[in-house]
Amino acid sequence: MDVRPGRVLISEEEIAARVAELGRWIRRDYAGRAPLLVSILKGAVVFTADLIRAIPPPLTLDFMGLSSYGSAPRSSGVVRLTSDLSMSIEGRDVIVVEDIIDTGRTASYLRRNLATRHPRSLALCALLDKVARREVEVQVDYVGFMIPDEFVVGYGLDHDGQYRYLRDIAVLEGGPAGGGHPGVG
Ligand code: IMP
Ligand code: MG
């Protein structure tokens, strides 16, 4: 399997402009509050680093690790918690920060899991949304970009642990039958 990042789908400049916009939007909605951003490892780390600098303080940050069992071409849809939050979210205004919503299973698991911990409010912010792949309905409050059904890498998103460092978001090319979903991570 000889896959590699090809065509740029979203450039570094487009990402920066949109992240600034999301920051302004969140700032307005959370005026006078101190939201707790829950960043989902590892894919959302790059997005989170930019987003927290686009929202003025006060805000706090925590991380949660999740993995979906299964292999290519699709995950089994079984989501597992690999690393939990370091603090209580009870009574907090929580914003979950995700890299991409695909089938919606991870986001749906997150909403259910975090809701049991009694936050004051719970919102979901995703950089990318691949709506055509949705299998489970889930509310996404802030979306950076709606993208077509293509596997993308860069700006935190990986294929097999690679390409998270790319500054642009690119389509992974050269896979079998020129498309599909070479696993998730
Ligand atoms: P979902 O549970 O199917 O919505 O899967 C979401 C997770 O799958 C994301 O957090 C990513 O880790 C991974 N994923 C889905 N699509 C892509 C992609 O195009 N590139 C990289 N990772 C992806
Ligand atoms: Mg992820």
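Ligands are counted one by one from 1 in listed order, and the atoms in each one are counted from 1 as well. All residue numbers in this chain count up from 1 along the given sequence.
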- request: Name the orientation class of the two ring planes belonging to Tyr142 and Tyr30 (parallel below 30°, tilted from 30 to 60°, perpendicular beyond 60°).
  value: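 Tyr142 vs Tyr30 ring planes: tilted.
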query: Using 30° and 60° as the class limits, which term best fits the ring planes of His159 and Phe151: parallel, tilted or perpendicular?
result: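 Perpendicular.
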Pair [X] + [Y], salt bridge at N-O below 4.0 Å:
| X | Y | result |
| --- | --- | --- |
| Asp29 | Arg27 | no |
| Glu173 | Arg4 | no |
| Arg7 | Glu150 | yes |

For [X], state whether at least one heavy atom is located under 4.0 Å from any atom of ligand 1.
| X | answer |
| --- | --- |
| Glu150 | yes |
| Asp158 | yes |
| Lys130 | yes |
| Gly43 | no |

In terms of atom number and element, which parts of ligand 1 are under 4.0 angstrom from non-hydrogen atoms of [X]?
| X | value |
| --- | --- |
| Gly104 | 1 (P), 3 (O), 4 (O) |
| Thr106 | 1 (P), 2 (O), 5 (O), 6 (C) |
| Arg105 | 2 (O), 4 (O) |
| Thr103 | 1 (P), 2 (O), 3 (O), 4 (O) |

query: Heavy atom under 4.0 Å from ligand 1: found in Glu98's side chain, backbone, both, or neither?
result: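 It is the side chain that gets close, since no backbone atom is under 4.0 Å.
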task: Record the part of Arg133 in heavy-atom contact with ligand 1 below 4.0 Å; permitted values are side chain, backbone, both and neither.
output: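 Answer for Arg133: neither.
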- request: Going by heavy-atom distance to atom 9 (C) of ligand 1, choose the closest among Asp160, Leu157, Ile100, Leu172.
  value: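 Nearest heavy atom to atom 9 (C) of ligand 1 lies in Ile100.
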Modelled atom types, side-chain donor and acceptor of Arg92 and Thr60, under 3.5 Å: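 On atom types as modelled, these side chains qualify, holding a pair under 3.5 Å.
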query: Do we see a donor-acceptor contact under 3.5 Å between the side chains of Asp99 and Tyr155?
result: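 No, no side-chain donor-acceptor pair sits under 3.5 Å.
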- request: Decide side chain to side chain contact (heavy atoms under 4.5 Å, CB included) for Leu85 and Arg117; before the verdict, give the C-alpha distance in whole Å, the side-chain angles of both, and the deciding distance to 0.1 Å.
  value: CA-CA 11 Å; Leu85 296 170; Arg117 308 183 196 198; 3.6 Å; yes
field: Close N or O approach (Ala107, ligand 1; < 3.5 Å)
entry: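 There is no such contact.
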